[in-house]
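For reference, the structure discussed in these notes is given below.
For the numbers below, each heavy atom of this structure counts, side chains included, while hydrogens, waters and symmetry mates do not. Lettering of chains follows the sequences in order, A, B, ..., and the numbering in each one begins at 1.
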Number of protein chains: 2
Amino acid sequence: MSEAVSRPTLEAVAARAGVSRATVSRVVNGGDGVREPLVERVRQAVEELGYVPNQAARSLVTKRHDAVAVVIAEPETRIFTDPFFALQLRGISKELTAHDNQLVLLLTEGRDDHTRVARYLAGGHVDGALVFSLHLDDPLPGLIEGAGVPTVFGGRPGWSDGSNSAVYVDCDNRGGAQDAVRHLVGLGRRRIAHITGPLDQTSAADRLQGYRDVMGEPDPRLVVLSDFTVGGGERAMGELLDRCPDVDAVFAANDLTALGALRVLRERGRRVPEDVAVIGFDDVLPVTEQSAPSLTTVRQDIEEMGRLMARLLLRALTRGKPATGAPSSLILPTTLVRRASA
Amino acid sequence: MSEAVSRPTLEAVAARAGVSRATVSRVVNGGDGVREPLVERVRQAVEELGYVPNQAARSLVTKRHDAVAVVIAEPETRIFTDPFFALQLRGISKELTAHDNQLVLLLTEGRDDHTRVARYLAGGHVDGALVFSLHLDDPLPGLIEGAGVPTVFGGRPGWSDGSNSAVYVDCDNRGGAQDAVRHLVGLGRRRIAHITGPLDQTSAADRLQGYRDVMGEPDPRLVVLSDFTVGGGERAMGELLDRCPDVDAVFAANDLTALGALRVLRERGRRVPEDVAVIGFDDVLPVTEQSAPSLTTVRQDIEEMGRLMARLLLRALTRGKPATGAPSSLILPTTLVRRASA
DNA sequence: CGGGGTGATGGGAGCGCTCACGCATGTAGG
DNA sequence: CCTACATGCGTGAGCGCTCCCATCACCCCG
């Protein structure tokens with residue numbers, strides 16, 4: 001219906017308030033160094049005209065965008081089967097909006113998308129990036145580093161052993177895995193198996209490491225490779241039962257996998273936890289609570305991780321380069337949540 | 001390490017190529033009306049300098065942003081339990097990137113967020129908006145209409161009866177429901193129940209309507225209210241079995257609900273589909289395939305819906321106001337996918 | 001062989017904002 | 001009472017780009 005009436009400018013507000021552009025600008029940006037009566041007049045003019053600053057014009061001179069890119073490389077359909085990313089997104093979104101930053105979402109699939117993303121980031125459209133790098137051999141993190149954009153990673157990047165400069169937020173995968181396995185040991189279990197995630201992801205590799213830490217040199221048949229999915233968990237559990245019929249506990253690399261394992265155990269007539277105890281990882285609620293029996297698992301606060309990623313990035317952005325010690329990576333603790341399955 | 005070297009400007013490229021700013025601009029924006037040799041020289045200069053246009057400067061004059069907001073009102077945690085949004089986001093993302101548009105994600109929760117979003121949209125940061133309005137009484141769509149931003153809705157907004165101007169993309173909830181129920185009738189079932197979704201969402205209401213269309217005046221005890229969740233499906237199924245032990249078919253408003261129903265049926269010793277046939281709605285794969293028995297359901301192409309939403313919006317944006325007939329809403333067909341449960 | 005196209009290029013203005021100044025005030029100190 | 005400095009406010013420039021228009025070259029035709 002109505003033509004998009006051209007929005008009022010600073011100039012218009014200034015005219016209405018009977019002051020200069022600069023004064024309006026000062027008021028709009030915090031009002032420092034302007035006396036109260038004027039501030040009031042300007043505020044009112046802004047209100048009456050419904051003035052909203054033109055972000056493009058502002059960015060043009062400040063070179064800031066108040067926008068952050070979230071890059072999610074989507075190797076498979078994991079995003080959609082696992083509530084993980086959604087929760088993390090929510091945490092990120094909360095933190096960003098609290099600081100008036102916008103969230104620009106970049107979903108990628110395939111190689112050509114990588115260069116597109118890299119170019120976009122290098123193009124200086126956003127002030128920083130939050131990147132989920134899932135795979136060890138993913139070229140994306142490298143490209144992004146090259147783009148010279150401040151970046152925080154979600155999950156430890158494969159090439160980072162903690163010694164280099166990449167900033168990331170992760171949970172204590174290794175420690176959490178240790179806790180889980182120790183709990184099983186404490187339950188008196190002797191044949192404790194591990195169904196892994198895809199080992200080109202650091203989270204999966206670290207969880208396997210935690211398992212090994214506690215188990216010492218386990219029977220290699222007790223470790224079955226899998227892929228963080230329910231179907232994968234089913235296949236792995238079947239295989240495991242064939243190889244080691246005497247298995248009395250399973251530590252699955254994530255909840256979805258554990259769910260698959262539970263299902264197969266039930267089908268094969270094994271009671272959980274009496275015959276076989278099962279522990280998962282993540283504590284994504286709808287999954288763990290729906291399962292029968294309810295799943296003992298290692299909880300990580302996913303939303304909080306998202307929030308912290310954003311906070312870390314924003315801090316790095318506001319802080320002028322004279323860094324008060326560059327912000328360093330964060331590793332969040334995990335907690336074992338005991339339910340019925342172990 | 002390296003200072004963010006100030007990026008080359010159009011001017012710099014022009015100098016290097018020995019042409020004017022205007023010419024470089026023309027080349028960068030498609031190269032029409034510039035002769036081949038010059039085009040080539042400019043391209044090379046762009047390449048050598050690694051020139052990337054400054055989007056802020058460009059927007060300042062064109063008043064276009066090549067960015068679209070995606071607003072997801074998140075009443076509960078549905079986003080995270082249901083792959084629905086994630087799939088739709090992916091479709092949207094694909095379409096937007098194909099047309100060099102950015103996706104600005106706005107997640108909201110609670111009333112104050114609504115005004116924030118409305119202000120943001122009114123602020124002209126984006127060219128248009130894709131909005132998921134879940135609830136009948138949601139004030140957000142109204143606020144957004146008021147902001148004067150071209151908008152396409154995901155799912156029929158509650159206040160739209162098809163006669164007004166809101167543009168939306170939805171699937172044929174009513175027709176799909178009819179198909180499902182007719183299939184059950186064709187199977188010879190007589191006591192066909194319906195577990196609804198939350199009826200303040202049009203999708204749920206429309207599916208109920210489709211059920212009624214086929215059933216005529218069903219026994220009111222055969223309709224049980226629920227909420228699109230697994231847990232809700234369990235409760236509803238339990239209730240249903242208590243009320244109508246002779247029920248021989250269930251049409252659940254979505255797959256998650258159907259999953260809950262399946263579980264309770266199994267617990268209560270009813271065979272599916274022999275004793276009770278079950279049909280879901282959505283066909284979100286990991287859910288339908290994992291279930292035992294696999295779930296017969298009404299498929300809607302969710303990713304395609306996202307893609308179409310984006311396409312509709314982009315078309316509305318490029319087309320100058322002299323509309324060739326305003327783009328109208330789209331209702332996608334559904335298909336019944338027969339698996340084991342009915 | 002000259003006038004009037006036609007189409008390719010350059011010049012200039014200006015989008016809306018911030019920021020460095022510069023000029024007024026106001027207050028205190030000599 | 002005048003200078004010295006702080007503080008409040010206005011002025012002007014310019015961020016990097018697009019777009020309008022003037023310019024110029026070239027070609028065709030009379």
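In terms of modelled atom types and a separation under 3.5 Å, the side chain of B:H65 and the main chain of B:G124 share a donor-acceptor contact. Put simply, the side chain of A:D127 never gets that close to the backbone of A:R64: no donor and acceptor are under 3.5 Å apart.
The phosphate of C:dG10 has OP1 or OP2 within less than 4.0 Å of a side-chain N or O from B:T23.
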Task: Heavy-atom protein contacts under 4.0 Å, nucleotides 12-20 of chain C, coded B base, S sugar-phosphate only, - none - done: BB-BBBBB-
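Atom CD of B:E48 is surrounded by more than 12 heavy atoms from other residues, nucleotides or ligands within 6.0 Å.
Relative ring orientation between B:F85 and B:F132 is described as perpendicular, the plane-to-plane angle rising above 60° on a 0-90° scale split at 30° and 60°.
With respect to the salt-bridge test (charged N to carboxylate O, under 4.0 angstrom), the residues A:E47 and A:R43 do not qualify.
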